[in-house]
Amino acid sequence: MRHVLFKGFLLCMLLSVTTLAARADDWPGSQTKEVFSASREYFVRVIPGESLGDTFGFAREKKGKYAAAEFYRRHQDRSYRLVAEAVLLNPVAPVEFFVSNDGRLATIDNWHNVGYGKVVSIFDSRGKVVQSYELSDLFQDEEIKAFGRSVSSIHWRNGPAYIRQDQKTLLITVKSGGDFLFGLETGRFKYCEYLEKTYRCRNTNRPREWMPNSRVQLTR
């Protein structure tokens, strides 16, 4: 009897550890990274910040410099020269970032904090913030509560993110058949999805008005 109880105890412990591991976050240390535009005319170097204390769940940790970006452009001699610098809105680093052919920068999510803070930020080629968004700017409360969660993240997107071929819009996949588009020049957004075979879009969160895709413009 004791043997059976002991085996049952071990099984419960194993299941508990497995469940906790599945919900835990495993993040490598952030590192300096560079991303080039498709044309290779520009690249941006992102240098990690030191303000872990400004991320969700780490209030007691050190606060300091936020992540920084260096903007480089190719010159006639084929060398790259620094043209701008900017402090980003990420306490440590963005999870992903993209550079357009005219040198604009888009950052997505926060290192170790997916779904918290500024989840999408857009900068012009001189490093000036065009627009930034938190989840509450894009989704309603009940939608945010329905997203999957781990110890330090809200998993609000499920699919690829990239600058489209027009080099003027950033696409972020939320779910199959549901995507955000952000205008890199204007900072405006629209969310489009299929609902009962109808493709509809909205360009605000509160209030919401759904309309045909062609009626929602993002570029100048």
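Residue numbers count from 1 along this sequence.
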Exercise. Indicate the ring-plane relationship of F182 and Y133, choosing parallel, tilted or perpendicular according to the 30° and 60° boundaries.
Key: tilted

Quiz item: Passes side chain to side chain contact (heavy atoms under 4.5 Å, CB included), E193 versus W210? Steps please.
Solution: CA-CA 10 Å; E193 66 178 13; W210 294 95; 3.8 Å; yes

Quiz item: Are the side chain of N101 and the backbone N or O of S37 linked by a donor-acceptor pair below 3.5 Å?
Solution: no

Quiz prompt | Atom pair CZ (R206) and CG (D141), whose distance is rounded to the nearest 0.5 Å | solution = 5.0 Å

Exercise. Nearest 0.5 Å please: distance from the CD atom of E50 over to the CD atom of E61.
Key: 13.5 Å

Quiz item: So, for Y116 and F56, is the gap between ring centers shorter than 6.0 Å?
Solution: yes

Exercise. Please test L88 against Y66 for side chain to side chain contact (heavy atoms under 4.5 Å, CB included), starting from the C-alpha separation and ending with a verdict.
Key: CA-CA 6 Å; L88 300 182; Y66 272 41; 5.9 Å; no

Quiz item: Is it true that V216 and L171 fall in one hydrophobic cluster, defined by side-chain heavy atoms closer than 4.5 Å?
Solution: no

Practice problem: Please lay out, stage by stage, how R81 and R73 fare under the test side chain to side chain contact (heavy atoms under 4.5 Å, CB included). | Solution: CA-CA 6 Å; R81 299 178 188 176; R73 185 175 185 178; over 6 Å; no

Quiz prompt | N203 (side chain) donor-acceptor with K190 (main chain) under 3.5 angstrom | solution = no

Quiz prompt | Test item: T169 side-chain N/O and R164 main-chain N/O as donor-acceptor pair under 3.5 Å | solution = no

Quiz item: What closest approach, in Å, do A93 and A67 show between heavy atoms, and which atom pair accounts for it?
Solution: CA-CB, 4.1 Å

Exercise. State plainly whether the residues E143 and K175 are in salt-bridge range, i.e. N to O under 4.0 Å.
Key: no

Quiz prompt | Which atom of E96 lies closest to which atom of A161, heavy atoms considered | solution = OE2-CB, 4.5 Å

Self-check item: Q167 CD to D102 CG distance, which is reported to the nearest 0.5 Å
Solution: 7.5 Å

Quiz item: Heavy-atom count around E142 CD within 6.0 Å, excluding the residue itself: above 12?
Solution: yes

Quiz item: Are R149 and H155 side-chain neighbours, meaning at least one heavy-atom pair lies under 4.5 Å?
Solution: no

Quiz item: Hey, does the side chain of N205 reach the backbone of S136 with a donor-acceptor pair shorter than 3.5 angstrom?
Solution: yes

Quiz item: So with a 6.0 Å cut-off around CG of N213, is the heavy-atom count from everything else above 12?
Solution: yes

Quiz item: Are any non-hydrogen side-chain atoms of Q131 and F189 less than 4.5 angstrom apart?
Solution: no

Quiz prompt | Full working for side chain to side chain contact (heavy atoms under 4.5 Å, CB included) between Y80 and R40 | solution = CA-CA 10 Å; Y80 287 90; R40 295 298 191 267; 3.9 Å; yes

Quiz item: Mind checking whether V174 and L138 sit in one hydrophobic cluster, side chains of I, L, V, M, F, W, Y counted as touching below 4.5 Å?
Solution: yes

Self-check item: Heavy atoms of other groups near Y162 OH, more than 12 under 6.0 Å
Solution: no

Quiz prompt | Straight-line distance of S100 OG to L184 CG, nearest 0.5 Å | solution = 5.5 Å

Practice problem: On the 0 to 90° scale, with breaks at 30° and 60°, tag the F43-F36 ring pair as parallel, tilted or perpendicular. | Solution: tilted

Quiz item: Just wondering, more than 12 heavy atoms not from R78 lying within 6.0 Å of its CZ?
Solution: no

Exercise. For G115 and W156, work out which heavy atoms get closest and say how close.
Key: CA-CD1, 3.7 Å

Quiz prompt | Main-chain N/O of G103 paired with S125 side-chain donor or acceptor, under 3.5 Å | solution = no

Exercise. For Q217 and S214, indicate whether the former's side chain and the latter's backbone hold a donor-acceptor pair under 3.5 Å.
Key: yes

Exercise. Could you tell me whether D166 and K168 have a side-chain N and a carboxylate O separated by less than 4.0 Å?
Key: no

Quiz prompt | S39 to R74 - nearest heavy-atom pair and separation | solution = O-NH2, 3.6 Å

Quiz item: Sub-3.5 Å donor-acceptor pair from the side chain of S51 to the main-chain atoms of K63, do we have one?
Solution: no

Practice problem: Tell me whether I108 is reachable from V35 by hopping between hydrophobic residues (I, L, V, M, F, W, Y) whose side-chain heavy atoms are closer than 4.5 Å. | Solution: no

Quiz prompt | Student check: side-chain heavy atoms of R157 and D109 closer than 4.5 Å | solution = yes

Quiz item: Looking only at atom types and distance, does a side-chain atom of R45 sit under 3.5 Å from a main-chain N or O of A68, one as donor and one as acceptor?
Solution: no

Quiz item: Is V114 reachable from I172 through a run of I, L, V, M, F, W or Y residues, each pair having side-chain heavy atoms under 4.5 Å apart?
Solution: yes

Self-check item: Heavy-atom side-chain proximity of W111 to L52 below 4.5 angstrom
Solution: yes

Exercise. Measure across T204 and E209 and return the closest heavy-atom pair with its distance rounded to 0.1 Å.
Key: OG1-N, 4.4 Å

Quiz prompt | S121 side chain vs S132 backbone, donor-acceptor pair below 3.5 Å | solution = no

Exercise. With rounding to the nearest 0.5 Å, note down the distance linking CZ in R126 to CZ in R104.
Key: 12.5 Å

Quiz prompt | For A69 against V44, the heavy-atom pair lying closest together | solution = CB-CG1, 4.0 Å

Practice problem: Determine, stepwise, if the pair F97 / F123 fulfils ring-ring contact (aromatic ring centres under 6.0 Å, His included). | Solution: CA-CA 11 Å; F97 62 99; F123 301 79; over 10 Å; no

Exercise. Nearest 0.5 Å please: distance from the CZ atom of F139 over to the CD1 atom of I144.
Key: 7.5 Å

Quiz item: Cluster question for you: counting only ILVMFWY and a side-chain heavy-atom cut-off of under 4.5 Å, with indirect links fine, are V95 and I163 together?
Solution: yes

Practice problem: Could you tell me which residues satisfy side chain to side chain contact (heavy atoms under 4.5 Å, CB included) with N110, sequence neighbours excluded, listed by chain and number? | Solution: N90, P91, N113

Quiz item: Is T55 close to S152 at the side-chain level, that is, under 4.5 Å between some pair of heavy atoms?
Solution: no

Practice problem: Can you establish whether the number of heavy atoms outside R60 located under 6.0 Å from its atom CZ is more than 12? | Solution: no

